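Heads up, the thing below is written out as structure tokens.
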Amino acid sequence: MIFIRYENWKSYIRYYPVTCLLMLANVIMFVVLTFNGGSTNLATLVKFGAVVDAGPEKEELWRYAAAVFLHNGFSHLLFNSFALLVFAPPLERLLGWWRYAVLYLAGGILANVLSTYLGGAPAPGTATVSVGASGAIYAVYGAFLYVALMQRAIMDESSRKTLYGLLVLGIIMSFATPNVDWAAHIGGLVAGFFLYGLIIRIFPKSRK
């Protein structure tokens, strides 16, 4: 079962350095937001890189990357950090640190882009502000979905069933929970699936 963590903290940091750095970046940015108006303050979120689906901010490309590391409230940070802590490490080991970093960041950026441009036009005079690592996390899930469907020998049956259950529950909750960016979740999932397939073909791991 690849989604059960057996490592102690010292081993975890050694085996999964990128995942640790991603979680650290999320925490640092949460602290920065807290001391600059608060992580639930929309003006603060926009100032530090939230994605906005209307107005001039919509065209500011840096936001689609920056928003991956911002969170709206502690519970938002905690939930995404838990998902990263538990579910992302096997992908870092499978791809190697830099391929994994590329998939995570590219997946998060694409999720934000797809959310903004395919999530529906905002009502006149309104705008949606979006932040969070969930698009990138769903890109990780999308990569695992590729493994489950196309590289079945790599993933055991228990892990495959856990992944399917996680995806079904996650997609249902994405639509059923208010103020959740379902378009970023679906966009991240699709992006991760295709990015993984692309990465393993363009940058295959060297065999020693």
Side-chain angles (χ1 to χ4, degrees), residues 22-85 87-88 101-143 145 166-195:
L22 292 171
M23 289 190 289
L24 180 61
N26 291 339
V27 171
I28 290 173
M29 289 309 303
F30 183 81
V31 173
V32 170
L33 294 177
T34 299
F35 286 98
N36 286 274
S39 66
T40 59
N41 184 293
L42 291 183
T44 299
L45 291 172
V46 172
K47 175 182 177 181
F48 282 90
V51 171
V52 184
D53 64 354
E57 292 86 0
K58 182 177 180 180
E59 310 303 326
E60 294 175 347
L61 300 183
W62 66 275
R63 294 181 176 277
Y64 296 97
V68 174
F69 300 97
L70 305 179
H71 290 85
N72 185 358
F74 180 74
S75 61
H76 190 204
L77 171 68
L78 184 64
F79 185 84
N80 282 341
S81 295
F82 175 80
L84 260 178
L85 179 75
F87 296 108
V102 168
L103 185 140
Y104 183 92
L105 295 174
I109 292 169
L110 286 172
N112 286 333
V113 171
L114 291 171
S115 170
T116 300
Y117 288 92
L118 300 180
T126 67
T128 300
V129 176
S130 301
V131 294
S134 55
I137 291 169
Y138 269 83
V140 171
Y141 295 158
L145 182 61
L166 179 69
L167 289 178
V168 170
L169 179 62
I171 291 172
I172 291 173
M173 294 303 294
S174 295
F175 287 97
T177 306
N179 300 319
V180 169
D181 191 351
W182 63 266
H185 291 184
I186 302 301
L189 183 68
V190 173
F193 185 93
F194 287 102
L195 281 170

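All of these numbers come straight from a predicted model, not from anything done at the bench.
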Main-chain N/O of [Y] paired with [X] side-chain donor or acceptor, under 3.5 Å:
| X | Y | answer |
| --- | --- | --- |
| T40 | G73 | no |
| T116 | N112 | yes |
| Y138 | L167 | no |

Calculate, to the nearest 0.5 Å, the distance between atoms [atom1] and [atom2] belonging to [X] and [Y] respectively.
| X | Y | atom1 | atom2 | answer |
| --- | --- | --- | --- | --- |
| L70 | N26 | CG | CG | 8.5 Å |
| T34 | N41 | OG1 | CG | 11.0 Å |
| N72 | L45 | CG | CG | 5.5 Å |

Between [Y] and [X], is there a side-chain heavy-atom distance shorter than 4.5 Å?
| X | Y | answer |
| --- | --- | --- |
| I28 | F69 | no |
| L84 | L22 | yes |
| S39 | H71 | no |
| L145 | Y141 | no |
| L195 | L110 | yes |
| I171 | L189 | yes |

Passes side-chain contact (heavy atoms from CB on, under 4.5 Å), Y64 versus K58? Steps please. CA-CA 9 Å; Y64 296 97; K58 182 177 180 180; 4.0 Å; yes
Heavy-atom closest pair, residues [X] and [Y]:
| X | Y | answer |
| --- | --- | --- |
| V32 | N36 | O-ND2, 2.6 Å |
| A183 | S115 | CB-CA, 3.8 Å |
| V131 | A50 | CG1-CB, 3.4 Å |

How about CZ on F35, more than 12 heavy atoms from neighbouring residues, nucleotides or ligands closer than 6.0 Å, or not? no
Check for me whether the distance between the ring centres of F79 and F82 falls short of 6.0 Å.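 Between F82 and F79, which both carry aromatic rings, the centre distance is not below 6.0 Å.
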